[in-house]
Amino acid sequence: MTFTLNETVYSTDTPEAKQAMYDDLRSQLTGLVHGERDWIANTANASSLVFNTMPGLNWAGFYFMQGADELVLGPFQGKPACIRIKKGRGVCGTTVEKRETILVPDVHAFPGHIACDANSRSELVVPIFGRNGEVIGVFDLDSPQPNRFDAVDAEGIQSLVRILEQTLA
Ligand code: SME
């Protein structure tokens, strides 16, 4: 697969090439959030950057905690999605409960997966932590390709979430 950034076409066929893509994504995101602490603006730009840079995605976006046990849809790119997800439900709610990244190679094999877009076949969900170590939301990436995401993607997306967390007031 390839991805395009600043009119340059990169390969994502090897782990090294993928790392290079995440190096570029980190540098782009750092620039986009520089001097800006508005969380909605920063996460909106992050969803657009990732969705328009990474190949093979049909959805990229955020859910934020509202109260102790519910996620609510935040900025995203892709088709309209489910608005509220209870903690412990679906891939996103399970990520909140476990406080760790979840890679789902085949969503049909994940018990309780919530199908917002019937085209989604694989999924990567990364928790977002607040200043006190509490989970404040998740960054969710979906793909129509089975097995689209691997450990390099999980680490790469986690590194983007760390950049966003630093902009929290
Ligand atoms: N599939 C997710 C729901 C969110 S959408 O994919 C955008 C889940 O199971 O939590």
Side-chain angles (χ1 to χ4, degrees), residues 1 3 12 18 21-22 25-26 28-29 32-33 38-130 133-165 167-168:
M1 277 191 288
F3 80 102
T12 52
K18 260 195 189 186
M21 179 189 73
Y22 284 108
L25 281 171
R26 277 187 289 274
Q28 295 276 320
L29 183 61
L32 282 170
V33 303
D38 188 280
W39 182 246
I40 298 296
N42 286 342
T43 51
N45 266 339
S47 68
S48 175
L49 176 69
V50 166
F51 187 77
N52 288 293
T53 303
M54 288 178 66
L57 301 186
N58 62 331
W59 205 87
F62 295 86
Y63 282 88
F64 301 133
M65 290 302 291
Q66 196 172 83
D69 69 346
E70 194 168 54
L71 287 162
V72 178
L73 184 63
F76 70 94
Q77 303 276 307
K79 287 189 181 170
C82 354
I83 298 173
R84 291 174 188 273
I85 300 174
K86 287 278 182 206
K87 182 176 174 179
R89 300 290 305 278
V91 187
C92 292
T94 306
T95 300
V96 173
E97 195 168 66
K98 292 191 185 282
R99 297 172 52 86
E100 58 192 33
T101 296
I102 299 185
L103 254 174
V104 182
D106 176 3
V107 296
H108 296 153
F110 187 96
H113 168 258
I114 300 165
C116 289
D117 182 339
N119 280 332
S120 296
R121 291 298 310 278
S122 58
E123 184 158 352
L124 169 63
V125 184
V126 173
I128 306 167
F129 296 99
E134 76 284 21
V135 178
I136 60 164
V138 299
F139 192 14
D140 177 9
L141 271 56
D142 289 12
S143 172
Q145 303 160 20
N147 208 15
R148 162 66 183 79
F149 307 104
D150 62 15
V152 177
D153 295 298
E155 276 183 21
I157 296 301
Q158 282 168 346
S159 71
L160 299 181
V161 167
R162 298 292 91 83
I163 292 168
L164 287 170
E165 287 167 348
T167 74
L168 283 167

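Each ligand, and each atom within it, is numbered from 1 in the order the structure gives.
- Atom 2 (C) of ligand 1 has as its closest protein heavy atom Glu123 OE2, 3.1 Å.
- With a heavy-atom cut-off of 4.0 Å, Asp140 touches ligand 1 through its side chain alone.
- At a 3.5 angstrom cut-off on N or O pairs, His113 counts as close to ligand 1.
- Here the protein heavy atom with the shortest distance to atom 5 (S) of ligand 1 is Cys116 SG, 3.2 Å.
- The shortest distance between side-chain heavy atoms of Val104 and His113 does not fall below 4.5 Å.
- Going from atom CG of Leu71 over to atom SG of Cys82 covers 10.5 Å, rounded to the nearest 0.5 Å.
- For the atom pair Leu141 CG and Asp153 CG, the distance stands at 8.0 Å (nearest 0.5 Å).
- Note that the CZ atom of Arg84 and the CD atom of Gln66 stand 5.0 Å from one another [nearest 0.5 Å].
- Under a 4.0 Å heavy-atom criterion, Tyr63 is in contact with ligand 1.
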Item to check | Intermediate values then yes/no, side chain to side chain contact (heavy atoms under 4.5 Å, CB included), Val96 and Tyr63 | outcome: CA-CA 10 Å; Val96 173; Tyr63 282 88; over 6 Å; no

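- In terms of polar-atom proximity, Trp59 is not counted as a contact of ligand 1, lacking any N or O under 3.5 Å from an N or O of the ligand.
- The distance criterion of under 3.5 Å between nitrogen or oxygen atoms is met by Val91 with respect to ligand 1.
- Contact check for Thr43 versus Phe64: side-chain heavy atoms found under the 4.5 Å cut-off.
- The ligand atoms of ligand 1 that sit less than 4.0 angstrom from a heavy atom of Gly90 are 9 (O), 10 (O).
- In this model, no donor atom of one side chain and acceptor atom of the other lie less than 3.5 Å apart for Asn58 and Asn119.
- Nearest non-hydrogen protein atom to atom 6 (O) of ligand 1 is Asp142 OD2, 2.7 Å.
- Geometrically, ligand 1 and Ile114 share a nitrogen or oxygen pair separated by less than 3.5 Å.
- The aromatic rings of Phe139 and Phe62 sit parallel, their planes meeting at an angle under 30°, below the 60° perpendicular limit.
- Residue-to-ligand polar distances keep Cys82 apart from ligand 1: every N/O pair is separated by 3.5 Å or more.
- Atom 10 (O) of ligand 1 has as its closest protein heavy atom Cys92 N, 2.8 Å.
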